[in-house]
Amino acid sequence: MIAFTSFIFNHKNSKFVKRILKAITNGYTITLPTVNTKYLVYENIGGNTDGKYVLQARWDFPNHVFWNVSSQLLNGEEYRFTQEEIERLKLKKYETKEVTDDEQ
């Protein structure tokens with residue numbers, strides 16, 4: 001909420017902010033676009049695990065991916081990828097789950 005208030009105050013003369021304030025005043029619901037949406041990248045492990053474990057991608061070194069086996073999806077910063085990183089690192093064939101800072 002503080003970031004939103006700060007943004008409104010710093011950009012109070014822009015057309016975008018004027019439209020937001022008008023919409024809020026008139027009772028409209030506003031959904032702001034998410035900037036740099038991050039995703040967890042994983043693959044459910046089949047076989048004898050009955051889907052209880054996942055193979056999850058995380059950063060190891062710059063431009064290098066390490067795979068971690070876990071019974072749940074981990075949510076640390078080193079586990080999050082942007083859509084651009086997913087494409088660059090050729091991780092598009094794996095499942096993804098969108099995460100936000102609210103889930104920490």
Side-chain angles (χ1 to χ4, degrees):
M1 184 65 177
I2 293 171
F4 178 74
T5 306
S6 177
F7 176 82
I8 294 295
F9 181 77
N10 291 331
H11 298 88
K12 61 186 169 210
N13 294 323
S14 76
K15 287 183 181 180
F16 176 71
V17 170
K18 287 180 181 179
R19 289 178 65 197
I20 288 175
L21 293 176
K22 184 176 179 182
I24 291 171
T25 304
N26 293 329
Y28 296 102
T29 302
I30 300 171
T31 305
L32 295 175
T34 305
V35 177
N36 288 332
T37 302
K38 299 268 183 144
Y39 300 89
L40 299 176
V41 178
Y42 66 97
E43 181 175 6
N44 285 315
I45 300 175
N48 296 335
T49 68
D50 295 324
K52 294 178 185 172
Y53 292 96
V54 294
L55 185 63
Q56 184 177 355
R58 74 172 177 89
W59 288 107
D60 191 16
F61 297 106
N63 297 322
H64 186 264
V65 175
F66 175 78
W67 292 92
N68 185 62
V69 176
S70 174
S71 60
Q72 61 183 1
L73 290 177
L74 303 173
N75 199 11
E77 273 300 317
E78 69 273 17
Y79 292 94
R80 299 177 185 196
F81 297 85
T82 63
Q83 188 63 43
E84 179 184 279
E85 292 166 339
I86 289 171
E87 291 172 9
R88 182 170 42 89
L89 297 168
K90 298 177 176 58
L91 299 172
K92 292 190 324 186
K93 69 178 183 176
Y94 299 100
E95 297 178 59
T96 59
K97 177 187 174 198
E98 185 175 328
V99 292
T100 64
D101 290 335
D102 298 338
E103 296 179 27
Q104 286 188 13

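Positions are given from 1, in the same order as the sequence printed here. Below, all heavy atoms of this structure are taken into account, side chains as well, without hydrogens, waters or symmetry copies.
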Visitor: Starting at CD of E84, measure out to CG of L89 and round the result to the nearest 0.5 Å.
Guide: 10.0 Å
Visitor: Do N75 and R80 have side-chain heavy atoms sitting under 4.5 Å apart?
Guide: yes
Visitor: Against Y94, only a single residue in W67, F81, Y39, Y42 fulfils ring-ring contact (aromatic ring centres under 6.0 Å, His included); can you say which?
Guide: W67
Visitor: Is there side-chain contact between T82 and K38, with heavy atoms separated by less than 4.5 Å?
Guide: yes
Visitor: I need the R88 CZ to I86 CD1 distance, nearest 0.5 Å.
Guide: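 Result: 11.0 Å between the selected atoms.
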Visitor: Answer yes or no: is there a side-chain heavy-atom contact under 4.5 Å between Q83 and T37?
Guide: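 Heavy-atom side-chain distance check fails, nothing below 4.5 Å.
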Visitor: Rounded to the nearest 0.5 Å, how far does CD of Q56 lie from CG of L40?
Guide: 5.0 Å
Visitor: For Q72 and V54, work out which heavy atoms get closest and say how close.
Guide: O-CG2, 4.2 Å
Visitor: Side chains of Y79 and V99: closer than 4.5 Å at any heavy-atom pair?
Guide: no
Visitor: If hydrophobic clusters are built by linking Ile, Leu, Val, Met, Phe, Trp and Tyr wherever their side-chain heavy atoms come under 4.5 Å apart, do Y53 and L55 end up in the same one?
Guide: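 They do share one cluster, since a chain of ILVMFWY contacts under 4.5 Å joins Y53 to L55.
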